[in-house]
Amino acid sequence: MLQIGKKLKELRRSENLTQQQLADKLKISRVNYTRYETNVVKPDYDTLLAIADFYKISLDELFGRDNY
């Protein structure tokens with residue numbers, strides 16, 4: 001099972017963004033975003049939606065559920 005942090009890091013790197021740049025776009029702190037990527041904290045629902053919207057993907061894709 002894919003942990004959300006790994007997927008977040010893959011997506012961010014695919015766009016050549018730093019954690020700070022992405023955090024700014026999501027209007028959250030870099031510290032909080034870093035915690036998401038390292039699986040220390042799970043993003044809340046609103047943040048998950050903002051991330052999915054930013055990357056123009058579904059929540060299923062965000063959670064690595066591409067086959068559903």
Side-chain angles (χ1 to χ4, degrees):
M1 182 173 159
L2 178 68
Q3 292 190 0
I4 188 72
K6 183 177 179 184
K7 184 68 171 185
L8 292 175
K9 184 181 268 188
E10 289 172 4
L11 288 166
R12 178 179 58 79
R13 286 184 172 174
S14 74
E15 296 290 323
N16 295 313
L17 295 170
T18 66
Q19 289 179 339
Q20 185 64 60
Q21 290 169 323
L22 185 53
D24 290 346
K25 291 178 185 299
L26 297 172
K27 296 182 172 85
I28 60 175
S29 74
R30 185 202 54 79
V31 172
N32 278 346
Y33 183 79
T34 299
R35 290 177 180 153
Y36 301 152
E37 276 196 9
T38 57
N39 293 302
V40 171
V41 175
K42 291 183 174 45
D44 64 25
Y45 181 71
D46 290 332
T47 303
L48 289 170
L49 288 176
I51 292 167
D53 288 347
F54 176 78
Y55 290 115
K56 296 179 176 69
I57 61 174
S58 69
L59 288 176
D60 279 339
E61 289 175 281
L62 184 60
F63 282 97
R65 296 172 47 99
D66 299 340
N67 297 344
Y68 294 92

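Given the structure is predicted, the values throughout are model-derived calculations rather than measurements. Numbering of residues begins at 1 and proceeds along the displayed sequence.
Between the side chain of Arg35 and the main chain of Val40, no donor-acceptor pair closer than 3.5 Å is present. Glu61 places a side-chain N or O within 3.5 Å of a backbone atom of Ser58 that can act as its donor or acceptor partner.
Atom OH of residue Tyr55 and atom CD of residue Glu10 lie 10.5 Å apart, to the nearest 0.5 angstrom.
Tracing side-chain contacts under 4.5 Å through hydrophobic residues (I, L, V, M, F, W, Y), one reaches Val41 starting from Tyr45; they form part of the same cluster.
Residues Lys9 and Arg12 are in side-chain contact: their nearest non-hydrogen atoms beyond the backbone lie under 4.5 Å apart. Between Glu15 and Leu22 there is no side-chain heavy-atom pair separated by less than 4.5 Å. In this structure the side chain of Ile28 reaches within 4.5 angstrom of the side chain of Tyr36, judged on heavy atoms. The shortest distance between side-chain heavy atoms of Ile57 and Leu11 falls below 4.5 Å. Side chains of Leu48 and Leu59 form a contact here, defined as non-hydrogen atoms less than 4.5 Å apart.
The nearest pair of heavy atoms linking Gln19 to Thr34 is OE1-OG1, 2.7 Å. Across every non-hydrogen atom of Gln21 and Thr18, the tightest pair is OE1-N, 2.7 Å. Contact between Leu8 and Pro43 at its shortest, heavy atoms only, is CD1-CG, 4.5 Å. Closest approach of Leu62 and Ile4 over heavy atoms only: O-CD1, 3.5 Å.
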